[in-house]
Amino acid sequence: MAAQIRTIDQLDLAGKRVFIRVDFNVPLDEKGRVTDDARIRAALPTIRHAIGKKARVILASHLGRPKGDPSDKEKFSLEPAAQRLSELLGIDVILADDCIGDGVKKAVADLPEGKVLLLENLRFHKGEEANEESFCRELASLADVWVNDAFGTAHRAHASTAGMARFVKEKAGGFLIQKEVEYLGRVLAKPERPFVAILGGAKVSDKIKVLENLIGKADSVLIGGAMAYTFLAAKGVPVGKSRVEQDKLELARKILDQAKAKGVDFELPVDHVCATEPKETAERVVVNAQAIPDGLMGLDIGPKTLDRYRQRILAAKTVFWNGPMGLFEQKPWAEGTFGVAKAMAESPAITVVGGGDSAAAVEEAGLVDRMKHVSTGGGASLEFIEGRELPGVKILEE
Ligand code: ADP
Ligand code: MG
């Protein structure tokens, strides 16, 4: 699935109306201020490139999930994003009062070369998520070139993320999408070996397809997080009162069998950090064995496990990580997760992180710059690693 996509630098943009689908779905505080501008910053290389090439730049995004009541207009406006973008670019950003209609058409017609117009929240119209043809055509009528740089929504076939592409003359991926597809694609298509996949997080059931796809490709699969206890329980290892998905034991056995049949080095924790309850204030008990005593629950991988995983990460040429190793939001159970992040930072391997909570953990550890790639798309990155085609990427393949 690492097919080549056409990218924005391959097109002549001068004087053209370049419609860039960005992901400005940023978190806002109660006063409507942007609390984390990472998504806006991630789109800057593409926006700056288009400005530099004298395009007439039209940006579009969704923000949150407006339900269509009138008060939503203010709550879900892209105004705060427009303001932040303007500060980051050091130029004026014009905010349209809608994303389609006569007013927008006029604003686009009046837009000079090298200037930026941000359309209002796409999800103020039902046609966006419904991918309605009439809405696709309305959006497309604003554009000579359609550029998709919103990796976070690339797994959705919405009007702006895929549908409108049918009605524009030229289309391309932005630099963010290009980087995402390059690194995630490299993990799947031609990983340098040894290829180590680390999987954790809350549930086996969320990660079945990711597990199955990676078992066919990785040399080692290292399991942590709550999902480890479902695997251990499936093998008959006592896990005390750890979180186990009782209805997934059979599936876990099947995955263990698949790993064995494929000769994959499939690692489960050999020790644990436990407590009687998942609370920051609970007593931290290191269980120096694979079996967990009655009354305790596993909340993090133990030090021996971390050391084993660390050795494999340091010896790898490719590492893909999804899913925290423990309840890392609470300090007593964060060492496994941050330890894995640190080992990845120190490894000479191509290191790629996918998944919303995993990316947040790397951010919190201050190690984003020491990974080769931290995906900006939580759900999209996992669907990609499952081996599924993302509509917003597929449409860019030549
Ligand atoms: P991602 O978003 O990176 O795909 P997930 O959503 O699958 O990751 O899982 C992240 C969540 O799993 C975190 O909130 C973390 O606290 C939780 N988690 C991991 N291990 C445990 C555990 N042993 N007990 C309880 N929660 C856990
Ligand atoms: Mg998550």
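For the numbers below, each heavy atom of this structure counts, side chains included, while hydrogens, waters and symmetry mates do not. Not measured: the values here are computed from a predicted model. Every number for a ligand or one of its atoms is a count from 1 in the order of the listing.
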- Item | From CA spacing to verdict: side-chain hydrogen bond (donor to acceptor under 3.5 Å, both in side chains), Glu283, Thr276 | CA-CA 8 Å; Glu283 191 197 346; Thr276 53; over 6 Å; no

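- Close N/O approach between Ala202 and ligand 1 is found [any backbone or side-chain N/O within under 3.5 Å].
- Protein heavy atom at the shortest distance from atom 6 (O) of ligand 1 is Asp357 OD2, 3.0 Å.
- Atom numbering of ligand 1 starts at 1 in the shown order; those under 4.0 Å from a heavy atom of Lys207 are 4 (O), 5 (P), 7 (O), 8 (O).
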- Item | CA sep, side-chain torsions, deciding dist, call: Ile94, Leu118, side-chain contact (heavy atoms from CB on, under 4.5 Å) | CA-CA 6 Å; Ile94 310 159; Leu118 174 62; over 6 Å; no

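- Within Asp357, OD2 is the N, O or S atom that lies nearest to the Mg ion (ligand 2).
- Ligand 1 has a nitrogen or oxygen under 3.5 angstrom from a nitrogen or oxygen of Ser358.
- Close approach of ligand 1 to Leu327 is summarised as follows: ligand atoms under 4.0 Å from at least one heavy atom of the residue are 16 (O), 20 (N), 21 (C), 26 (N).
- Distances from ligand 1 to the non-hydrogen atoms of Pro324 include at least one value under 4.0 Å.
- Applying the 4.0 Å criterion to heavy atoms of Gly298 picks out, from ligand 1, the atoms 23 (N).
- Counting protein heavy atoms only, atom 18 (N) of ligand 1 is closest to Gly326 O, 3.7 Å.
- The N/O atoms of Met325, backbone and side chain alike, include none that comes under 3.5 Å of an N/O atom in ligand 1.
- In this model, a donor atom of one side chain and an acceptor atom of the other lie less than 3.5 Å apart for Glu245 and Ser205.
- In the model, Lys171 has no side-chain atom that pairs as donor or acceptor with a side-chain atom of Asn148 under 3.5 Å.
- By the criterion of a heavy-atom distance under 4.0 Å, the side chain of Tyr229, and not its backbone, is placed next to ligand 1.
- When all heavy atoms of Asp23 and Ala150 are compared, the closest pair comes out as N-CB, 3.8 Å.
- Side-chain polar atoms of Arg21 and His62 form a donor-acceptor pair below 3.5 angstrom.
- Taking a cut-off of under 4.0 Å to the non-hydrogen atoms of Asn322, the atoms of ligand 1 that pass are 1 (P), 3 (O), 4 (O).
- A heavy-atom separation below 4.0 Å is not found between Gly378 and ligand 1.
- Inter-residue side-chain proximity for Phe320 and Thr351 is flagged as unmet; no heavy-atom pair is nearer than 4.5 Å.
- Looking from atom 13 (C) of ligand 1 to the surrounding protein, the closest heavy atom is Glu329 OE2, 3.3 Å.
- Judged by distance alone, the side chains of Asn288 and His272 never bring a donor and an acceptor atom under 3.5 Å apart.
- For atom 26 (N) of ligand 1, the nearest non-hydrogen atom from the set Met227, Arg243, Met297 belongs to Arg243.
- For the residue pair Ser381/Glu180, the side-chain donor-acceptor check at 3.5 Å is not satisfied.
- The N/O atoms of Ala226, backbone and side chain alike, include one that comes under 3.5 Å of an N/O atom in ligand 1.
- A donor-acceptor contact closer than 3.5 angstrom is absent between the side chains of Asp29 and Thr35.
- Of the heavy atoms in Lys203, none comes closer than 4.0 Å to ligand 1.
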